[in-house]
Novice: 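Have a look at this one.
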Number of protein chains: 2
Amino acid sequence: MNPRLRIGELAIQCGVALETIRYYEKVGLLPEPMREANGYRVYGQGHVEQLAFIRHCRALDMSLADIHALRQFATQPSGDCGEIDQLIETHLARVHERLTSLQNLERQLLTLRATCASGRCVQECGILHELVAAAQGDGCVCHTDDTPGNN
Amino acid sequence: MNPRLRIGELAIQCGVALETIRYYEKVGLLPEPMREANGYRVYGQGHVEQLAFIRHCRALDMSLADIHALRQFATQPSGDCGEIDQLIETHLARVHERLTSLQNLERQLLTLRATCASGRCVQECGILHELVAAAQGDGCVCHTDDTPGNN
DNA sequence: TAAAAACCCCGTAGCCACTTCAGGGTCAAG
DNA sequence: CTTGACCCTGAAGTGGCTACGGGGTTTTTA
């Protein structure tokens with residue numbers, strides 16, 4: 001019942017590129033597997049589970065460092081759960097921040113797109129004009145009394 | 001009226017790290033400025049505008065390649081505006097996709113956080129259990145008849 | 001006037017999480 | 001006995017910077 005997988009099989013089973021598996025091993029996230037006589041890696045159930053855990057955390061967009069930390073916590077079963085909470089809390093805050101900034105971003109891009117009535121030439125492209133104009137309002141005090149394009 | 005800025009002044013005026021300015025020059029996004037006798041870079045109004053344009057596009061999370069493409073379009077004023085639309089459209093689609101995936105992510109993390117009643121020890125941490133269990137449902141068929149941790 | 005602080009130069013390496021590449025070895029099928 | 005599928009290693013590339021090391025120059029201050 002205990003599967004003895006080669007790297008390619010593990011890769012397919014867990015939906016991971018096999019280079020990624022070797023990479024996780026190299027950075028110490030996945031324990032080194034045993035080897036066949038020819039040097040090929042052999043994986044067992046433990047590896048399957050660990051890799052799935054890593055991929056699930058990555059799907060939650062946690063960094064490899066976070067995942068490493070979670071593994072460390074897990075090896076000290078009597079430790080305080082609070083650090084795990086904290087890690088999730090911090091991560092959640094990061095995600096939330098990126099989320100709101102992406103929402104702003106989308107709004108801006110939608111506005112930008114709306115300035116274009118296509119079929120015209122670049123010279124009168126609303127988008128390009130808008131981008132240039134917006135840049136000028138962005139922070140630089142720009143008196144355009146200079147031919148643009150070169151110092 | 002035409003400013004002749006040194007790199008540090010340009011950096012402050014446009015709110016960009018000066019290494020970033022040199023980087024943009026290196027990758028061909030900002031034209032090479034003239035030099036003082038001592039080799040110091042001197043920037044003019046054109047550079048101020050271009051840098052502001054770049055930063056504004058970056059704030060919209062466009063890649064440097066996209067920005068480069070926009071610049072190319074801008075140098076062919078009689079070309080078709082449609083390619084610009086297309087670029088924005090594609091970018092918007094990318095942003096929207098990331099946005100929805102981040103929303104899912106946040107929902108999952110909120111659920112995850114809710115599984116924890118803190119103050120307990122790691123062994124019974126709801127979050128960790130949830131992460132492991134979720135990973136098992138994720139794609140790998142896992143009969144846990146093996147001691148986890150090693151092959 | 002000299003020393004200290006602030007600015008500039010260049011090239012290289014580091015960050016993250018991979019991916020790709022070059023150059024090989026191993027093994028079963030046809 | 002060769003083809004093709006699989007595996008190995010180490011190094012380099014990706015994007016968009018950031019940091020560092022080791023210098024030179026300019027400006028300010030004591």
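Quick note on labels: first sequence line is chain A, next is B, and so on, each numbered from 1.
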Novice: Atom OH of Tyr43(B) and atom P of dC7(C): how far apart are they, to the nearest Å?
Specialist: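 Checked: the OH to P distance equals 16 Å.
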Novice: Mind calculating the distance between CZ (Arg35(B)) and P (dC9(C)) to the nearest angstrom?
Specialist: 6 Å
Novice: What is the separation between atom CD1 on Ile21(B) and atom C1' on dC10(C), rounded to the nearest whole Å?
Specialist: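 Result: 16 Å.
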Novice: Who are the side chain to side chain donor-acceptor pair (under 3.5 Å) partners of Ser101(B), not counting sequence neighbours?
Specialist: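 Expected list: none.
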Novice: Just to verify, what does Glu36(A) make a salt bridge (charged side-chain N to carboxylate O under 4.0 Å, His left out) with, not counting sequence neighbours?
Specialist: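 Applying salt bridge (charged side-chain N to carboxylate O under 4.0 Å, His left out) to Glu36(A) gives Arg6(A).
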Novice: Using 4.0 Å as the upper bound for N to carboxylate O, is an ion pair formed by Arg41(B) and Glu25(B)?
Specialist: yes
Novice: Assign a letter to each nucleotide of nucleotides 19-25 of chain C from its 5' end: B, base within under 4.0 Å of a protein heavy atom; S, sugar-phosphate only; -, no contact.
Specialist: SB----B
Novice: With Gln108(A), which residues qualify under side chain to side chain donor-acceptor pair (under 3.5 Å), at least two apart?
Specialist: none
Novice: Test of understanding: with side chain to side chain donor-acceptor pair (under 3.5 Å), list the residues that count as partners of Glu19(A), not counting sequence neighbours.
Specialist: none
Novice: Who pairs with Arg107(B) by salt bridge (charged side-chain N to carboxylate O under 4.0 Å, His left out), at least two apart in sequence or on another chain?
Specialist: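 Applying salt bridge (charged side-chain N to carboxylate O under 4.0 Å, His left out) to Arg107(B) gives none.
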Novice: Walk along DNA chain D from 5' to 3' and tell me the first and last nucleotide with an atom closer than 4.0 Å to a non-hydrogen atom of chain A.
Specialist: dC6(D) to dT9(D)
Novice: For residues 60-72 of chain A, which side-chain N or O atoms pair as donor and acceptor with protein atoms under 3.5 Å away, sequence neighbours left out?
Specialist:
from	atom 1	to	atom 2	distance (Å)
Asp61(A)	OD2	Arg98(A)	NH2	2.3
Ser63(A)	OG	Ala65(A)	N	3.4
Ser63(A)	OG	Asp66(A)	N	3.0
Asp66(A)	OD2	Arg94(A)	NH2	3.0
Arg71(A)	NH1	Leu29(A)	O	3.2
Arg71(A)	NH1	Gln50(A)	OE1	2.4

Novice: Return the value, rounded to whole Å, for the distance between atom CD1 of Ile12(B) and atom P of dA6(C).
Specialist: 13 Å
Novice: Whole-Å distance between dA28(C) C1' and Glu36(A) CD?
Specialist: 14 Å
Novice: Run the salt bridge (charged side-chain N to carboxylate O under 4.0 Å, His left out) test against Glu9(A) and tell me which residues pass, sequence neighbours left out.
Specialist: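 For Glu9(A) there are no salt bridge (charged side-chain N to carboxylate O under 4.0 Å, His left out) partners, ignoring immediate neighbours.
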Novice: Of Tyr24(A) and Arg6(A), whose nearest nucleotide on DNA chain C comes first from the 5' end?
Specialist: Tyr24(A)
